[in-house]
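First listed ligand is number 1; within each ligand, the first listed atom is number 1. Treat the numbers as computed from the prediction; the structure is a model and nothing was measured.
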Amino acid sequence: MKGSRILGTGAYMPSNVMSNKAIEALVDTSDEWIRERTGIVERRISQGETTSDLATKAAIEALKDSNVTAKEIDLIIVATVSADSIIPSAACKVQKNIGADNAMAFDINAACSGFIFALDMANNYIAAGRATKALVIGAEVLSKITDWKDRNTCVLFGDGAGAVVLSEDKEKHINYVNCRSVGEKWESLTCEGSPLNNPYVDCGDIHDGKLKMNGKDIYKFAVKTMDEEFNRILNESKLKKENIDFILPHQANMRMLESFSKKVEIPLDRFIINLQHVGNTSGASIPVALDEANKAGILSSGSNLLIIGFGGGLTYGSTLLKWNK
Ligand code: ACO
């Protein structure tokens, strides 16, 4: 079985910054409420760029950071819930945009856990000898499926994209991966597509196509699963807490991360957190934060990075990554 390693990272965020104050003009909320309950100060909102545009720019950055050409890429996976279209996939558009003619390209949907699921898939393709260099991308234009009249959700989300180049390697740098789904709880977070409408049945009007969320359910689910995943990884890896250099969580809510930090007794300064400035970018959240940490020079060779996420589905996942770049 071949191992794999992240060679480089990239990210791209739309330039338009939307502050909490700007949201005050849309719904009955306040900057103070949003900061206190979520930690979010601002987010980036697309003014025309599509999910595949953002994904393409993040991919180009990741290729540059990795010193890899698009022609060397043989697998492209985009984790997204907000692709430009049902057909084609965002991944196929990225393939065309960057000229990665030798790649297999497809999207996956595991909501906010999507990047972890995609990384696991790419890692397994490489381990099986089916790919040698993969672009794993998380990209979202959530603003198009956000209900801008619903204060329970519109304050949370943002747009953006992050990417990594994962290459085959003599050693395994991605370990103890766990990707799980709890379909029983699917109703906690939904965004309906088109209803069945064909010559035999007419199930009515097209739904509004906007995100609907039971925030409390997801909050409880997230705190419970993050704690369980943390303990699972410690048990399986036999690592001590002190040996986890950084925790890179899905960027959903600061209060959630504070309570997780207390529970596992790892101070917040060992967490990689950027939600204050980008909000919850779903599938993009982890690779965007990873790119920020990489570019800020926070990670050093040999750092143990625990990546952990949860999201719609419901889904969750985690992995222990040995940084070696
Ligand atoms: N501004 C002002 N008041 C608000 C707002 C707002 N934006 N939103 C809700 N409120 C009100 C509510 O109506 C409620 O008022 P009431 O007491 O009069 O009924 C009060 O504030 C408290 O509401 P709660 O829902 O209890 O607020 P809570 O502290 O639970 O925070 C939040 C809500 C931020 C949504 C939290 O539950 C959360 O973060 N949940 C997790 C969401 C998440 O992480 N989703 C990730 C998955 S997303 C994906 O996969 C794409």
Could you go through Asp84 and Ser52, starting from their C-alpha distance and side-chain angles, then the distance that decides it, and tell me whether this counts as side chain to side chain donor-acceptor pair (under 3.5 Å)? CA-CA 7 Å; Asp84 311 355; Ser52 62; 2.4 Å; yes
Check whether the side chains of Asp107 and Thr80 place a donor and an acceptor atom closer than 3.5 Å, and report yes or no. no
Given His250, Glu140, Gln251, the one that forms side-chain hydrogen bond (donor to acceptor under 3.5 Å, both in side chains) with Ser285: His250
Measuring from each atom of ligand 1, which residues have a heavy atom under 4.0 Å away? Asp28, Thr29, Trp33, Arg37, Thr38, Ala111, Cys112, Arg151, Asn152, Val155, Phe157, Leu189, Met213, Gly215, Lys216, Ile218, Tyr219, Ala252, Asn253, Arg255, Met256, Asn280, Ser282, Phe310, Gly311, Gly312
With a 3.5 Å cut-off and no angle check, do the side chains of Thr281 and Arg43 form a donor-acceptor pair? no
Classify the angle between the aromatic ring planes of Tyr125 and Phe106 as parallel (below 30°), tilted (30 to 60°) or perpendicular (above 60°). tilted
Is the shortest side-chain heavy-atom distance between Leu321 and Asn304 below 4.5 Å? no
